[in-house]
Amino acid sequence: MRPDDIQAIPARHPGRWIAAAAVFVLLIATAYSLTTNPRFEWSVVGEYFFSVRILHGLLLTLELTVISMAIGVVLGVLLAVMRLSHNPLVSGASWFYIWLFRGTPVLVQILFWFNITALYPNIGIGAFSFDANNLITPFVAAILALGLNEGAYMAEIVRAGILSVDEGQSEAGAALGMSRLQIMRRVVLPQAMRVIVPPTGNEAISMLKTTSLVSVIAVSDLLYSAQLIYSVNYRTIPLLLVASIWYLLVTTLLSIGQFYIERHFGRSATRGAQPTPLQRLLDRFMSARTSTRPNL
Amino acid sequence: MSDIMVQAEGVHKRFGNIEVLKGVSMQVARGEVVCLLGASGSGKSTFLRCINHLEKIDAGRLLVDGQLVGYRQVGERLHELHDRDICRHRAEVGMVFQRFNLFGHMTALQNIIEAPVLVRKMPKAQATLRARELLARVGLADRGDAYPNQLSGGQQQRVAIARALAMSPKLMLFDEPTSALDPELVGEVLDVMKSLAREGMTMVVVTHEMGFAREVADRVVMMHQGRIIESAPPEQFFGAPQHERTRQFLSKIL
């Protein structure tokens, strides 16, 4: 601090203190309940947290999430580009797809794919025909339902991203003799990523949780594995806690991954890289201490 | 090889019901520098964009280096060109935009090598070497690794010029290249354009920089309401304008 700097008495904020006190009381009450209510059965939670069946379920949930999201992203880009096509049939087809898959509940779609064999007992033409029952296992049905549904949502996200890129960028590419495909791939999509990534992170997190719906077609994901265990030992709450904590852990990991991906695609837009959460926390701590931050 | 680089005959362009170009006819000789002047809405930018087929013309004929823009003539009939051929045409005509339009996610150097590598299939090492030469030429040898938003407007526009030159164009189009710049940055861009003109590049420049037009242009063309109303060498154009509308325009701007 320099000798000429203003040394004022900080303004008082009694409202903030009251709010903080209320939050503190609630925190204590929650912590008290969590630790003293024996029905949480934390020992059972600990017992099953790393059990093989739960871990198998977790692995399956992760597989479903990754594969379905991959299908969703690829399909989404394709549908978004189709939607922006000058050919009315091509853009109309994309519109129809989005309308159909966004307009029906994903749970219904899961059940539909699971029962698709009732509609098409054989898949293929002539000699290359397969029994649909062998082809569409519950896992495949789950992947199809989640991936195709996700494609519809991703299409809208990608389209918003493409439209967010200034038209001058495409024009500059065209003026250099680049083809429409080259412009899309090299100029527009990379810049659309800044708009596409944050909602896609949301979608991935949402997908992780939506996969729990596949328990209705007896795919032994994380939730269904927990259900199978508590249907035998009746420890319902602890096993739901096991599943919930795993969902929370993976969601947290996904959020951290999302942050770094956003930072990567934002690097040309911000001067220098954004601070990481740790740096931000330190900054806030330091500025609160020295109170150089203006009160907003 | 023809001595006429750009030939326009009665070019018309409509946007919906609004006719923006109402029969523009002009020629630009190889090596000539032509400045297009006119109030906003006079159609000068639209005409420029027609030359590399960013806009499709509705009537008339437009040729660049003896080739129809956007069409192929078979007998009496015109056939629309395939996208691939349009791209080939555009690759030979450089364009510089008012708002620079540098690719925001690429460094200055990447901006310059992108099209030569992608469109001309030039080896990356060779393209990089050439890009460094071009950056040095526009006075930005040390800014190759900067992203566009780390550069001033004048620097961005100079990179944009280098990017267009990297394709070795036979014709350069400038669409108000200094209109979005702070006044003290205009000079550095004009200097690059002047040196380009001295080296014999054929240029069509839409501009409000009268000093540039007077000093560099071989011919100054005045557009008004979608038509060319006056076309003369700069001494005559600025010294003794023939058309009433030109006199009004010049009195306001000089």
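Just so we're on the same page: letters track the sequence lines, and every chain starts at 1.
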Please check if atom [atom1] in [X] has more than 12 non-hydrogen atoms from other residues, nucleotides or ligands closer than 6.0 Å.
{"X": "B/Arg137", "atom1": "CZ", "result": "yes"}
{"X": "A/Tyr120", "atom1": "OH", "result": "no"}
{"X": "B/Lys194", "atom1": "NZ", "result": "yes"}
{"X": "A/Glu167", "atom1": "CD", "result": "no"}
{"X": "A/Trp246", "atom1": "CH2", "result": "yes"}
{"X": "B/Gln67", "atom1": "CD", "result": "no"}
{"X": "B/Ile18", "atom1": "CD1", "result": "no"}
{"X": "A/His86", "atom1": "NE2", "result": "no"}

Heavy-atom closest contact ([X] atom, [Y] atom, distance):
{"X": "B/Met95", "Y": "A/Ala175", "value": "CB-CB, 3.9 Å"}
{"X": "A/Ala172", "Y": "B/Phe103", "value": "CB-CE2, 4.0 Å"}
{"X": "B/Ala164", "Y": "A/Leu176", "value": "CA-CD2, 4.4 Å"}

What part of [X] gets closer than 4.5 Å to chain A, counting heavy atoms only: side chain, backbone, both or neither?
{"X": "B/Glu114", "answer": "side chain"}
{"X": "B/Leu102", "answer": "backbone"}
{"X": "B/Arg99", "answer": "side chain"}
{"X": "B/Leu118", "answer": "both"}
{"X": "B/Arg49", "answer": "side chain"}

*Give, for atom CD of A/Gln191 and atom CE of B/Met106, the distance between the pair rounded to the nearest 0.5 Å.*
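Separation between the atoms: 7.5 Å.
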_With a 3.5 Å distance limit and no angle check, can you tell me whether B/Asn101 reaches the backbone of A/Gly168 through a side-chain donor-acceptor pair?_
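A pair under 3.5 Å: yes.
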_Backbone of A/Arg186 reached by a side-chain donor or acceptor of B/His105 within 3.5 Å_ =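 Present.
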*asked:* Taking every non-hydrogen pair under 4.5 Å, which of A/Pro190, A/Ala174, A/Ser179 racks up the most with chain B?
replied: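 Ranked by heavy-atom pairs under 4.5 Å with chain B, first place is A/Ala174.
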_Heavy-atom check, side chain of A/Gln182 versus side chain of B/Val119, under 4.5 Å_ = yes
*Could you check which of B/His89, B/Arg90, B/Arg88 has the highest count of heavy-atom pairs closer than 4.5 Å to chain A?*
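Of the candidates given, the most pairs with chain A belong to B/Arg90.
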